Amino acid sequence: MTSLIQKYNIPGPRYTSYPTVPYWNKAGISKQDWISSFQKSFKESNLEEGISLYIHLPFCESLCTFCACHKHITKRHEVEEDYIDTVLKEWKLYVDLVDEKPIIKEIHLGGGTPTFFASSQLKKLIDGLFKLADKHPKHEFSLEGHPNNTTKEQLQTLYDLGFTRISFGVQDYDPEVQKAIHRVQPFENVANVTNWAREIGYTSVSHDLIFGLPFQTKENVIETIRKTNQLRPDRISFYSYAHVPWVKGVGQRGFNEQDLPKDEQKRELYEIGKQLFSEMGYVEIGMDHFALKTDSLYMATQEKTLHRNFMGYTANKTQLMIGLGMSSISDSWYAFAQNVKTVKEYQKLVNQGEIPIFRGHLLSEEDLIVRQHILNIMCHFTTNWKEEEKEIVDLKKQTELLFEMAQDGLLFINDNGIEIPENARPYVRNICMAFDMHLQKNKPETRLFSMTI
């Protein structure tokens with residue numbers, strides 16, 4: 001195990017998209033090409049399966065030093081109203097481009113800190129969306145909440161608007177770790193918001209934990225998981241800390257590199273967590289996720305309908321996902337487009353009547369084939385290329401790359417594809433890298449990604 005970790009613990013993508021963002025077309029995507037791709041996907045999917053919205057609410061009152069998200073730090077809550085108004089204007093720009101009324105199946109409020117916003121502003125946002133859209137009969141609306149500032153009023157307001165899933169960022173309960181990552185939140189705060197959500201009627205409560213944080217030890221992780229089990233969230237995300245200070249600058253330099261668990265030590269933290277979750281009745285879902293058998297994420301795994309996109313794993317799949325707000329990424333299946341990354345520029349462009357994208361990627365036929373293989377691996381730990389539409393252009397090259405992994409016991413190769421055994425799941429990102437045609441053709445000369453294990 002140790003030698004495999006040393007061999008395969010290399011920088012690699014997390015594959016919330018394919019191609020990954022650093023390999024999007026250097027020329028970008030024209031706004032007209034993005035609009036055409038959006039319109040095509042909307043026409044194909046709206047009436048049959050509906051669409052998804054990811055809404056980025058970027059404001060945080062303080063900076064957490066583990067965070068790699070695009071955020072805007074401020075304590076000035078007067079920014080809320082203008083931002084919500086701008087998001088609704090952006091939504092209307094999209095609605096004006098289509099002939100049918102949008103049918104929204106999924107909404108996810110991400111951040112930043114969505115619970116930075118007052119209940120009245122959150123209600124204004126959701127009501128504003130549905131002035132121009134209908135609600136899918138099998139809708140699923142979710143949000144991310146900060147335990148320190150989520151109120152019972154916010155939870156009730158969003159529940160009344162159709163939200164049934166919430167994810168709370170916990171990370172770790174150890175005081176030294178919390179201080180290092182600038183995220184001090186007592187267990188009591190997490191217990192309060194979890195219990196409120198359940199009392200109100202939320203059907204899925206998730207806790208996000210991170211392993212590999214500064215000063216984190218085996219004892220820290222065991223204690224954090226023990227406390228988590230007291231609250232029995234329906235889902236648990238157990239993420240590997242992505243240390244990318246060269247991307248995020250000062251935000252991830254609140255501690256020294258030597259304070260981080262390394263290689264085998266870090267992997268041990270995950271294995272301990274995985275074992276404890278299993279003993280508690282949680283089932284591993286995809287990569288880094290665990291769920292009780294009563295949760296829809298587990299059911300989607302059993303039914304082979306699990307999907308992965310920029311929001312992570314989801315039990316629902318829609319072909320079209322529109323990203324609203326600063327830095328949001330949209331996905332039409334045929335193309336990606338990302339909004340500008342500052343609040344000021346975002347509001348300026350939208351108020352000028354422009355779709356506020358600044359980069360994107362039109363997927364080639366090869367991209368679409370490889371994308372499906374990587375999705376299959378990430379969601380189901382198997383893929384095949386028997387069907388003609390799934391044939392990889394350079395299949396011989398891919399097989400050569402996978403053969404060494406097969407010798408190391410990370411996968412099984414058959415005539416039509418591959419299967420990944422349970423003990424090799426820590427290496428899923430590495431296996432996806434073997435399929436990544438952009439990465440294989442143009443290996444980065446500088447470090448772009450976090451470590452895979």
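Note that the coordinates shown come from a computational prediction; the quantities given were computed from them, not determined experimentally. Just so it is clear, the values below take in all heavy atoms, side chains as well, and ignore hydrogens, waters and symmetry mates. Positions are given from 1, in the same order as the sequence printed here.
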Sidechain N-carboxylate O distance under 4.0 Å for Asp172, Arg183:
no
Looking at every heavy atom in both Ser17 and Val21, which two are closest together, and how far apart are they?
OG-N, 4.2 Å
Scan Thr228, Thr194, Asp234 and name whichever one has a side chain to side chain donor-acceptor pair (under 3.5 Å) with His207.
Thr194
Please walk me through it: do Asp160 and Gln156 pass side chain to side chain donor-acceptor pair (under 3.5 Å)?
CA-CA 6 Å; Asp160 293 341; Gln156 185 68 59; 2.9 Å; yes
Is it true that the side chains of Gln319 and Glu49 contain a donor and an acceptor less than 3.5 Å apart?
no
Looking only at side chains, do Ser119 and Gln154 share a donor and an acceptor under 3.5 Å apart?
no
Check step by step if side chain to side chain contact (heavy atoms under 4.5 Å, CB included) holds for Phe141 and Arg165.
CA-CA 6 Å; Phe141 302 162; Arg165 284 209 314 106; over 6 Å; no
For Asn339 against Gly323, the heavy-atom pair lying closest together
ND2-O, 3.7 Å
Between Phe310 and Phe336, is the gap from one ring center to the other below 6.0 Å?
yes
Do Ile107 and Ile104 make a side-chain contact, defined as non-hydrogen atoms from C-beta onward lying under 4.5 Å apart?
yes
Pairing donors with acceptors under 3.5 angstrom, does anything connect the side chains of Gln275 and Glu279?
yes
When you measure from the centre of the six-membered ring of Phe130, is the NZ or CZ of Lys135 closer than 6.0 Å and no more than 45° off the axis?
yes
Does Trp34 have Lys40 sitting over its ring (NZ/CZ under 6.0 Å from centre, angle to axis within 45°)?
no
Measuring centre to centre across the rings, with the benzene-like ring taken for any Trp, is Phe38 within less than 6.0 Å of Tyr94?
yes
Distance check, rounded to the nearest 0.5 Å: His361 atom NE2 versus His438 atom NE2?
4.5 Å
How long is the straight-line distance from OH of Tyr270 back to CG of Asp288, given to the nearest 0.5 Å?
5.5 Å
When every non-hydrogen atom of Leu324 is compared with those of Tyr346, the smallest separation belongs to C-OH, 4.5 Å
Can you see whether Glu44 engages Tyr334 through a side-chain donor-acceptor pair at a distance of less than 3.5 angstrom?
yes
State yes or no: are the ring centers of His289 and Tyr239 separated by less than 6.0 Å?
yes
Give the intermediate values and the outcome of salt bridge (Lys or Arg N to Asp or Glu O under 4.0 Å) for residues Asp85 and Lys89.
CA-CA 6 Å; Asp85 287 343; Lys89 287 177 184 176; over 6 Å; no
Would you find a donor on one side and an acceptor on the other, under 3.5 Å apart, between the side chain of Glu61 and the backbone of Thr74?
no
Return the minimal non-hydrogen interatomic distance between Pro356 and Val350, and the atom names on each side.
CG-CG2, 3.7 Å
Check the angle between the aromatic planes of Tyr83 and Phe59 and answer parallel, tilted or perpendicular using the 30° and 60° thresholds.
perpendicular
May I ask you to decide whether Arg226 forms a salt bridge with Glu223, counting only side-chain N to carboxylate O separations under 4.0 Å?
yes
Answer with yes or no after comparing the ring centroid distance for Phe163 and Tyr202 against a 6.0 Å cut-off, counting only values under it.
no
Give a yes or no on whether the backbone of Thr203 and the side-chain of Arg198 come within a donor-acceptor separation of less than 3.5 Å.
no
Write down the atom of Met326, the atom of Pro58, and the distance for their closest heavy-atom approach.
CE-CB, 3.7 Å
Does the side chain of Gln338 come under 3.5 Å of the side chain of Arg359 through a donor N or O and an acceptor N or O?
yes
Does the distance from a Lys or Arg side-chain N to an Asp or Glu carboxylate O, for Lys152 and Glu199, drop under 4.0 Å?
yes
Using a distance-only test with no angle check, is there a side-chain donor-acceptor pair under 3.5 angstrom linking Gln32 and Ser36?
yes
With a cut-off of under 6.0 Å to the ring centre and 45° to the axis, is Arg308 in cation-pi contact with Tyr313?
yes
Does the pair Ser296 and Arg235 meet the rule for a side chain to side chain donor-acceptor pair (under 3.5 Å), with working shown?
CA-CA 10 Å; Ser296 61; Arg235 301 180 186 179; 2.9 Å; yes
Short question: side chain of Glu90, backbone of Val87 - any donor-acceptor pair under 3.5 Å?
no
Distance check, rounded to the nearest 0.5 Å: Ser332 atom OG versus Gln39 atom CD?
11.0 Å
Applying side chain to side chain contact (heavy atoms under 4.5 Å, CB included) to Tyr173 and Val190, what does each step give before you reach the verdict?
CA-CA 10 Å; Tyr173 284 115; Val190 181; 3.3 Å; yes
Let me confirm one number: the OG-CD1 distance from Ser52 to Ile322, rounded to the nearest 0.5 Å.
9.0 Å
What is the minimum heavy-atom distance between Val370 and Phe435, and which atoms define it?
CG1-O, 3.2 Å
In this structure, is the centre-to-centre distance between the rings of Phe116 and His77 below 6.0 Å?
yes
Taken to the nearest 0.5 Å, the spacing of Phe168 CZ from Ser237 OG works out to 13.5 Å
Is the backbone of Ile55 close enough, under 3.5 Å, to the side chain of Ser328 for a donor and an acceptor to pair up by distance?
no
Is there side-chain contact between Val205 and Leu231, with at least one heavy-atom pair below 4.5 Å?
no
CG/Asn376 to OG1/Thr383 distance, rounded to the nearest 0.5 angstrom?
3.5 Å
Using the side chain to side chain donor-acceptor pair (under 3.5 Å) rule, take Thr314 and Glu106 through it: C-alpha gap first, then chi angles, then the decisive distance, then the call.
CA-CA 10 Å; Thr314 173; Glu106 264 195 304; 2.8 Å; yes
Electrostatic pair Asp127:Lys131 at N-O distance under 4.0 angstrom:
no
Check: Asp436 side chain, Met433 main-chain N or O, donor-acceptor pair, under 3.5 Å:
no
